[in-house]
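By convention in this document, chain letters (A, B, ...) are assigned in the order of the sequence lines, proteins followed by strands, and residues within each chain are numbered from 1.
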Amino acid sequence: NAGVTQTPKFRILKIGQSMTLQCTQDMNHNYMYWYRQDPGMGLKLIYYSVGAGITDKGEVPNGYNVSRSTTEDFPLRLELAAPSQTSVYFCASSRTSPPGGTQYFGPGTRLTVL
Amino acid sequence: EDQVTQSPEALRLQEGESSSLNCSYTVSGLRGLFWYRQDPGKGPEFLFTLYSAGEEKEKERLKATLTKKESFLHITAPKPEDSATYLCAVLSTGSNYKLTFGKGTLLTVNP
């Protein structure tokens, strides 16, 4: 049981480039989330999904897009990368909605935009 | 707007020296308060969920308590392996899925 896996672990992008951060969970969880963690700041919710085909915006969605075609996968797309998107990105999943649904986090993707 | 403030920002303890971390929160109504542990270069790891004032939960050397305005994470006789950043988060009645996180407390336990 691998839990939540994320790829890549590290990435450097140039301004204006695009990329997709991959997230997969093998726990058959319905709920999935994308967070970003900036140095010295709390985690902030970017997007979330309550099931395959259903996604919604979180607190800081601008500059990002998501899709959820399967229960297992929840990729995060960055279009036209900007320095402000330099951050560590965490994907998480839970069996049920919070507060009862414990969120399990992946190991993160460290992204630098130069 | 929901707010979470954690203190201190950093805490250095000697092995065996008990102490507490504080999480003060402001929400319209509390649905849950969460404690996570985060090791360097890794994702947060769930520790506890507290739902109402007066509730307490324990796990090994950790005990979390909750009042109407704050939560404490008590660490009894810590060991070096307890060194990590401890995160507090809240879910309010005005938010379906958005947890508001604090900035964390970096705990270092010296042998």
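When each of Tyr47(A), Trp34(A), Tyr48(A), Tyr33(A) is tested with Tyr97(B) by the rule ring-ring contact (aromatic ring centres under 6.0 Å, His included), just one qualifies, namely Tyr48(A).
Under the 4.5 Å side-chain heavy-atom criterion for Ile, Leu, Val, Met, Phe, Trp and Tyr, Tyr36(B) and Leu33(B) are members of distinct hydrophobic clusters. In the hydrophobic clustering of this structure, Ile46(A) does not group with Val88(A); members are Ile, Leu, Val, Met, Phe, Trp, Tyr whose side-chain heavy atoms approach within less than 4.5 Å, directly or through other members. By the criterion of side-chain heavy atoms lying less than 4.5 angstrom apart, applied directly or through intervening Ile, Leu, Val, Met, Phe, Trp or Tyr residues, Tyr86(B) is not grouped with Phe72(B); the two fall into different hydrophobic clusters.
Ranked by non-hydrogen atom pairs under 4.5 Å with chain A, the options Glu45(B), Lys42(B), Arg31(B) are led by Arg31(B).
When every heavy atom of Gly40(A) is checked against every heavy atom of Lys103(B), the shortest pair comes out as O-CD, 3.1 Å. Across all their heavy atoms, Gln103(A) and Phe46(B) have their closest contact at O-CB, 4.3 Å. Minimum interatomic distance between Gly32(B) and Pro99(A) (heavy atoms only, all atoms of both residues): CA-CB, 4.2 Å. Between Gln38(B) and Phe90(A), the shortest heavy-atom contact is NE2-CZ, 3.4 Å.
For Tyr35(A) and Phe101(B), the gap between ring centers is short of 6.0 Å.
Within a 6.0 Å sphere centred on CD of Glu81(B), heavy atoms belonging to other residues, nucleotides or ligands number more than 12. Other residues, nucleotides and ligands contribute over 12 non-hydrogen atoms within 6.0 Å of the OH atom of Tyr64(A). Heavy atoms from other residues, nucleotides or ligands lying under 6.0 Å from CD1 of Ile54(A) number more than 12. For CZ of Arg77(A), the number of neighbouring non-hydrogen atoms (other residues, nucleotides, ligands) closer than 6.0 Å is greater than 12.
At a 4.5 Å heavy-atom cutoff, the contact between Val50(A) and chain B is made by side-chain atoms alone. If you measure heavy-atom distances from Pro98(A) to chain B, the contacts under 4.5 Å come from both the backbone and the side chain. Of the two parts of Leu43(A), the backbone and the side chain both hold a non-hydrogen atom closer than 4.5 Å to a non-hydrogen atom of chain B.
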